[in-house]
Amino acid sequence: MRKPNLRDARKRTKEEVKIISDAYIIPDGIESMGKGKKYYLRTYGCQMNLRDSETIRAILEDLGYEKEEDYLKADMVLLNTCAIRENAHNKVFGMLGRFKNLKKQKPNLIIGLCGCMPQEEVVIDEIINKYPWLDFVFGTHNIHALPQILLEYITQKQLTIDVFSNEGNIYENIPVKRDSKYKAWINIMYGCDKFCTYCIVPYTRGKQRSRKKEDIINEIKALVKDNYQEVTLLGQNVNAYGKDKAGNNYYLENLLQDISQTGINRVRFITSHPWDFTDDLIRVIKENKNIMPHLHFPVQSGSNKILKLMGRRYTNEDYINLYKKIKKEIPNMVITTDIIVGFPNETKEDFDKTIDLVNQCQFDGAFTFIYSKREGTPAAKIKDTVTTEEKRNRLRELNKLINKYMLESNKRLVFKTVEVLIEGFSENNKELLMGYTNTFKLVNIKGHKDNIGKIVLVKITEAKTWSLNGEIIDEKEQD
Ligand code: 5AD
Ligand code: SF4
């Protein structure tokens with residue numbers, strides 16, 4: 001049993017990151033473990049987790065398992081978890097409760113847990129004490145070792161925990177089975193060294209380590225050959241790409257410039273921290289039409305006092321100046337953000353500064369959260385006096401304002417023609433198609449299904465807060 005440890009997870013040494021290309025091996029004895037069997041994999045949290053699940057899926061299918069959407073029919077159930085807020089934890093523990101009952105009816109059911117939650121010491125202790133009927137647990141650093149972990153489990157037939165808290169390596173040549181045939185997530189870096197005081201990610205995902213340019217470009221070139229239309233570059237803070245390597249001067253702007261020449265039609269990137277956002281980056285986005293004009297640009301708070309306590313390393317004024325500069329240089333840029341309300345001891349005045357900032361920026365969209373205490377982070381030590389009710393009221397007020405600007409932003413598109421990558425059928429109405437605009441707005445569309453997988457021109461007919469309606473304009477020619 002290998003357990004995580006917070007002290008190790010916080011460590012950042014000068015040790016060089018290893019790039020390991022031969023770690024994925026299927027050991028003798030489990031090659032056909034999943035033959036004739038089904039797995040249910042549920043993913044919580046961010047795009048990074050969704051991408052990890054595409055690897056987990058590939059590994060399980062290498063072992064012969066088939067995908068199953070209904071956990072009641074599965075032989076193996078696995079939860080890929082998120083640790084960012086308490087409610088993500090609660091959902092997972094709720095699901096585990098259901099699996100416990102299921103195991104009473106199906107004693108051969110194999111139950112696994114992975115992702116960010118097992119990287120937390122407190123979670124592992126809770127599992128050992130309250131969930132000993134779980135079968136296997138692994139973390140974010142050893143997904144490639146899933147076959148070995150499963151072998152250990154089936155050999156010993158007892159709870160197998162393999163989670164470690166090293167700073168992290170980079171694993172290449174690990175299989176992937178992508179969810180989409182048209183758009184792909186591409187990890188360009190792992191981990192985070194920003195250590196914002198409220199955030200658990202630098203502990204669960206390890207130190208920042210950038211993938212080699214050649215590995216990223218080759219991955220994208222292969223996708224272009226397979227007719228992929230869009231890639232989204234992933235990192236906790238993509239603007240810091242390359243800054244973890246001593247003597248390196250190849251950064252996100254250089255990478256984006258090179259990726260834009262691979263033949264891929266659309267390039268996105270998330271998430272951008274305001275700290276490392278350079279003029280060169282703005283120039284490269286502006287100059288390359290296939291780099292999409294959408295920026296997810298978390299501000300977190302409008303109060304300088306709170307930003308300082310959060311360890312964000314910019315002020316309200318820095319953020320707004322940068323925001324205005326980006327909008328001036330790239331007027332069609334759509335900017336969305338993340339905001340936390342109720343950071344410990346956030347006063348009404350602090351919150352009003354956030355409201356002021358939202359009014360100045362008029363974001364096209366935002367994810368908003370009530371602060372959630374994460375054990376082991378510096379902010380968890382701050383004694384908080386703000387009531388939960390007050391925090392809920394602030395969130396409600398903020399959401400109302402965000403929604404107002406979101407609807408206004410969407411309304412500006414009505415009767416305009418936009419490019420949309422058609423991804424499939426609309427979730428709520430299977431007679432409609434769905435896809436995203438260049439600016440990452442969801443559109444439900446009237447049109448022929450032959451357009452799935454293509455980038456087409458769509459006329460927007462109606463704007464709602466969370467989505468747009470539209471119709472494909474050159475439909476007749478395509479019929
Ligand atoms: N509580 C609430 N929200 C958080 N986030 C990160 N950590 C916390 C926390 N402890 C939010 C931030 C980040 C987004 C991914 O999640 O806004 O940008
Ligand atoms: Fe967390 Fe801050 Fe890193 Fe984002 S930049 S993952 S909020 S520590």
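When a ligand or atom number is given, it counts from 1 through the structure's own listing order. Only this structure's heavy atoms are used, side chains among them; waters, hydrogens and symmetry mates stay out.
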Proximal ligand 2 atoms for [X], defined as those under 4.0 Å from one of its heavy atoms:
X    : answer
V201 : 6 (S)
K194 : 3 (Fe), 5 (S)
R312 : 2 (Fe), 7 (S)

Can a donor-acceptor pair be found, under 3.5 Å and without considering hydrogens, that links the side chain of R268 to the backbone of N438? yes
Does the side chain of R178 come within less than 4.5 Å of L223's, by heavy atoms? yes
So do the side chains of N142 and I149 get within less than 4.5 Å of each other, counting heavy atoms only? yes
Can you pull out the closest protein heavy atom to [atom]? Residue, atom name and distance to 0.1 Å, please.
atom                    : answer
atom 1 (N) of ligand 1  : S372 N, 2.9 Å
atom 7 (S) of ligand 2  : Y198 OH, 3.3 Å
atom 2 (Fe) of ligand 2 : C196 SG, 2.3 Å
atom 3 (Fe) of ligand 2 : C192 SG, 2.3 Å
atom 17 (O) of ligand 1 : Q300 OE1, 2.6 Å
atom 4 (Fe) of ligand 2 : Q236 O, 4.3 Å
atom 14 (C) of ligand 1 : D338 OD2, 3.4 Å
atom 4 (C) of ligand 1  : R85 NH1, 3.4 Å

Check ion pair [X]-[Y] (N to O, under 4.0 angstrom):
X    : Y    : result
E121 : K3   : no
R10  : D193 : no
E219 : R211 : yes
K305 : E349 : no
D8   : K11  : yes

Take Y131 and I111 through the test side-chain contact (heavy atoms from CB on, under 4.5 Å) and record every step on the way to the result. CA-CA 11 Å; Y131 302 83; I111 307 178; over 6 Å; no
R205: heavy atom below 4.0 Å from ligand 2, yes or no? no
Ligand-residue contact atoms, ligand 1 with [X], heavy atoms, under 4.0 Å:
X    : result
R374 : 10 (N)
Y371 : 1 (N), 2 (C)
I340 : 3 (N), 4 (C), 5 (N), 12 (C), 17 (O)

Is the contact between [X] and ligand 2 made by the side chain, the backbone, both, or neither, using heavy atoms and a 4.0 Å cut-off?
X    : result
F195 : backbone
N237 : neither
M310 : neither
P202 : side chain

Given C199, P274, S272, A240, which has its nearest heavy atom closest to atom 1 (Fe) of ligand 2? C199
Please determine whether side-chain contact (heavy atoms from CB on, under 4.5 Å) holds for the pair N239 and W275, giving the CA-CA distance in whole Å, both sets of side-chain angles, and the decisive distance to 0.1 Å. CA-CA 8 Å; N239 327 20; W275 179 256; over 6 Å; no
Over 60° means perpendicular and under 30° means parallel, so tell me whether F99 and Y40 are parallel, tilted or perpendicular. perpendicular
Hey, does I370 sit under 4.0 Å from ligand 1 if you only count heavy atoms? yes
Side chains of N49 and T43: is there a donor and an acceptor less than 3.5 Å apart? no
Ignoring hydrogens and angles, state whether a donor on the side chain of T336 or H296 is under 3.5 Å from an acceptor on the partner side chain. yes
Test of understanding: given a 4.0 Å heavy-atom threshold, classify the contact between Y198 and ligand 1 as side chain, backbone, both, or neither. both
